[in-house]
**Q** 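Quick one: the structure is below, and I'll ask about it shortly.
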Protein chains: 2
Amino acid sequence: MATISDVAREAQVSVATVSRVLNKQDSVKKATADRVYAAIEKLKFEPNILARNFRRSESRVILIIAPNITNPYYSHILTGIGDTANELGYSALIFNTANSEEREKEGMEMLKKRRADGAILLARNQGSQWLEEYAENYPVVQCSEYDPDVPFPHVSIDNYKAVREVMAYLFALGHERIATISSKNRYISTDLRMKAYKDALGEEGLPVEENLVAYAGLDYSFRSGKEAAEKLLAQENRPTAIFCISDTIALGAIAAAMEKGIRVPEDLTVIGFDDVEDTMMFHPYITTVGQPCYELGKNAMRMLYDRINGQLDPQHEMVLKHKFIIRESAGRRKQDD
Amino acid sequence: MATISDVAREAQVSVATVSRVLNKQDSVKKATADRVYAAIEKLKFEPNILARNFRRSESRVILIIAPNITNPYYSHILTGIGDTANELGYSALIFNTANSEEREKEGMEMLKKRRADGAILLARNQGSQWLEEYAENYPVVQCSEYDPDVPFPHVSIDNYKAVREVMAYLFALGHERIATISSKNRYISTDLRMKAYKDALGEEGLPVEENLVAYAGLDYSFRSGKEAAEKLLAQENRPTAIFCISDTIALGAIAAAMEKGIRVPEDLTVIGFDDVEDTMMFHPYITTVGQPCYELGKNAMRMLYDRINGQLDPQHEMVLKHKFIIRESAGRRKQDD
DNA sequence: TTGAAAGCGCTAACAA
DNA sequence: TTGTTAGCGCTTTCAA
């Protein structure tokens, strides 16, 4: 493997000059640079990235701390981060936490060990004090979920506003017994969506009934969504609409309804969240809130890049637009309900 | 940031000794080692990985060259690779090719640039001569798809055998007009499955009819599967069974049937492949061939590890067991068909 | 069992 | 515009 000094010898220049052309500094005369390029070509020289990284003390790697790459919601964000990282000259390393806080800490350790120049956190729980320690020393950005009390910047959608839109739509359709399927986690999106649900009900003069709130599992799985919906639908005075915090849960709710002979949307309205896939396989196609996953990832990466490269006045918060998508699973309340 | 010589000074030993305890060489006296550990503790020393990698000229990173991480089939393999890489002290870098051969080459370039110590190739097309160049110089393993003519080891399932089992099951159910939805790609799995389909038909004395073979898109998407099935089902003498090369395509086939009022499995049998997800959301649950995705990834990583670390007699081929899973979408042929 | 010292390949400060 | 040179922090050979 040829080194920079082999190239220098071949081109009859010093290693400094070779280094300069490698790094595209313009203080090199064209003729000299050409000689260097010729030598590089001839020797099939590839700069040793290991040496360069060491010298510059940077890894050109960014870390993505994600709970799970199997979930399509994350995988779209991941793709957005990955593509953008590449454009910016970074490699994106995905660190799978499998939802364990322990693993999350391990991931952040990689920053200390200089395995990565910065990190993007997905699925941040609120209220983890231990993170603070990293805030001053490492470039970190939160994507999609975030803890407002932690001094890391974040990019996300406006979950509160999105659910207020959902609720307004439901009211316009005549619904009053509106249930929600949430999850018992510590995501800010969950809190915000729940708050929007309750606020909307309150402002409409409707009570927030405990038995209209059900919980799916932490994994937002189809099965747990179905079970939550079954509970909701087993009541004598059952809801006429269910707002679900994910499409997969909504799919579960529809399956639960189908098995009970309840038609969607004729007898029951179901609304999902994310619009990530599977929403248009079988009828009824799901009415949902679309999140710009790829863009979320892309902007998180850009934000991180600015932090790593010491942008003067880095943005602290970025809110991307969601999109309320009307399809088939929501309908007008039947008058006899 | 403390360096190894700070530690040496603090512990009153030489840097060589510190290095020895860092690398757990047993030629260090216990008392000396303890002093070193104490110094490390006191100074909160973290070895500089960048320097170490440079010195050892290794990156401790392995590359996964994948077409797409959004596809759950891949994401399970990816998880298997990632977890195993971690256990073995490596980080797994996912390089997204978006199905472009150009990007694939870019990915392999990273090996030359020493960004990674080895690579795992997913979704290898057959017949790419350019890969040969890497064969001698870099540790590479193929996972799931592979080119038998390329001198890289691989791990996969026995696609031929799996489809022969599917066909035998179909014959046992009385089916004779059996269609298949394949895809026009250059994957060995596709060839092998098609060959098994044709061989089985032949051995049963049944003709291979051109209009019983349809093609979904290169992405194995729901929509393209549905369209392919629509073509198949539009014929007057339509098939009584369809074998699909993926579950998503099978889902599309079921949707196509439903829209035409054809019941599955009563009027039409549909069989999928992969068993990766969505096979058990709505009835009929899909009868399919399960692939051990996570294990595929795990073993590919182990194989790569052996190659990187110069195992004497590395395995060249590893075939993992698939699992034929009978659920609801396949049934006995009706006598009046 | 330990230490001295060379050197991995590159970048960048300084000098010319 | 170009060259000389001093490291970056670590591992490892050789000697003691």
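Letters A, B, ... mirror the listed sequences (proteins, then strands); counts begin at 1. In this text the structure is predicted, and so the values were computed from the model without any measurement.
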**Q** First and last nucleotide of DNA chain D touching chain B, 5' to 3', heavy-atom cut-off 4.0 Å?
**A**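 Contact span on the strand: D:dG9 to D:dT13.
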**Q** If you pin A:Pro47 and B:Lys29 to their nearest nucleotides in DNA chain C, which one's is more 5'?
**A**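 This one resolves to B:Lys29.
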**Q** For A:Tyr305 and A:Tyr90, take the angle between the two ring planes, folded into 0 to 90°, and tell me which bin it lands in: parallel under 30, tilted 30 to 60, perpendicular over 60.
**A**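 Rings of A:Tyr305 and A:Tyr90: perpendicular, over 60°.
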**Q** Would you say that A:Thr79 contacts A:Tyr294 through its side chain, given a criterion of any heavy-atom pair below 4.5 Å between the two side chains?
**A**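 Yes - at least one pair of side-chain heavy atoms lies under 4.5 Å apart.
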**Q** Is there a donor-acceptor pair closer than 3.5 Å between any side-chain N or O of A:Ser128 and the backbone N or O of A:Trp130?
**A**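 Answer holds: no.
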**Q** Please list all pairs passing the side-chain hydrogen bond (donor to acceptor under 3.5 Å, both in side chains) test where one or both residues lie in residues 58-70 of chain B, with sequence neighbours left out.
**A**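 Listed by first then second residue: B:Glu58-B:Arg60, B:Ser59-B:Asp117.
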**Q** Using a strict 4.0 Å threshold on nitrogen-to-oxygen distance, state whether A:Lys321 and A:Glu295 make a salt bridge.
**A**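 Between A:Glu295 and A:Lys321 there is no salt bridge, as every charged N stays at least 4.0 Å from the carboxylate O atoms.
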**Q** Near DNA chain D, counting only heavy atoms under 4.0 Å, which residues of residues 1-9 of chain A show up?
**A**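 Correct list: empty, so none.
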**Q** For A:Tyr73, which residues count as a ring-ring contact (aromatic ring centres under 6.0 Å, His included) partner, sequence neighbours excluded?
**A**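 ring-ring contact (aromatic ring centres under 6.0 Å, His included) list for A:Tyr73, sorted by chain: empty.
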**Q** Are a donor atom and an acceptor atom from the side chains of A:Asn71 and A:Tyr220 found within less than 3.5 Å of each other?
**A**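 No - no donor-acceptor pair under 3.5 Å links their side chains.
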**Q** Counting the atoms with a prime plus P, OP1 and OP2 as sugar-phosphate, which does A:Asn53 contact under 4.0 Å by heavy atoms, base, sugar-phosphate, or nothing?
**A**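 A:Asn53: no heavy atom of the nucleic acid under 4.0 Å.
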**Q** Which heavy atom in A:Phe45 sits nearest to a heavy atom in A:Ile4, and how many Å separate them?
**A**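 Of all heavy-atom pairs spanning A:Phe45 and A:Ile4, the closest is CE1-N, 3.5 Å.
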**Q** Base, sugar-phosphate or nothing for A:Arg56? Non-hydrogen atoms, less than 4.0 Å.
**A**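 Sugar-phosphate, no base atom in range.
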**Q** Which residue lies toward the 5' end of DNA chain C, B:Arg114 or B:Val28, if each is placed at its nearest nucleotide?
**A**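 Going by which nucleotide is closer to the 5' end, it is B:Val28.
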**Q** If you walk 5' to 3' along DNA chain C, what is the first nucleotide with an atom under 4.0 Å of a heavy atom in chain B, and what is the last?
**A**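 The footprint of chain B covers C:dT1 to C:dG9.
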**Q** Please determine if B:Glu133 and B:Lys112 form a salt bridge, counting it only when a charged side-chain N lies under 4.0 Å from a carboxylate O.
**A**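 Salt bridge: yes.
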**Q** Salt bridge or not for A:Arg302 and A:Asp306, using N-O below 4.0 Å?
**A**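 No, no charged N to carboxylate O under 4.0 Å.
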**Q** Give one of base, sugar-phosphate or nothing for A:Thr17, where a contact means two heavy atoms less than 4.0 Å apart.
**A**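 Counting heavy atoms under 4.0 Å across all strands, the contact made by A:Thr17 is with sugar-phosphate only.
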**Q** Among residues at least two apart in sequence or on other chains, which ones pass side-chain hydrogen bond (donor to acceptor under 3.5 Å, both in side chains) with A:Gln142?
**A**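 None.
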**Q** What nucleic acid atoms does A:Val15 come within less than 4.0 Å of, heavy atoms only: base, sugar-phosphate, or nothing?
**A**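 Base, at least one base heavy atom under 4.0 Å.
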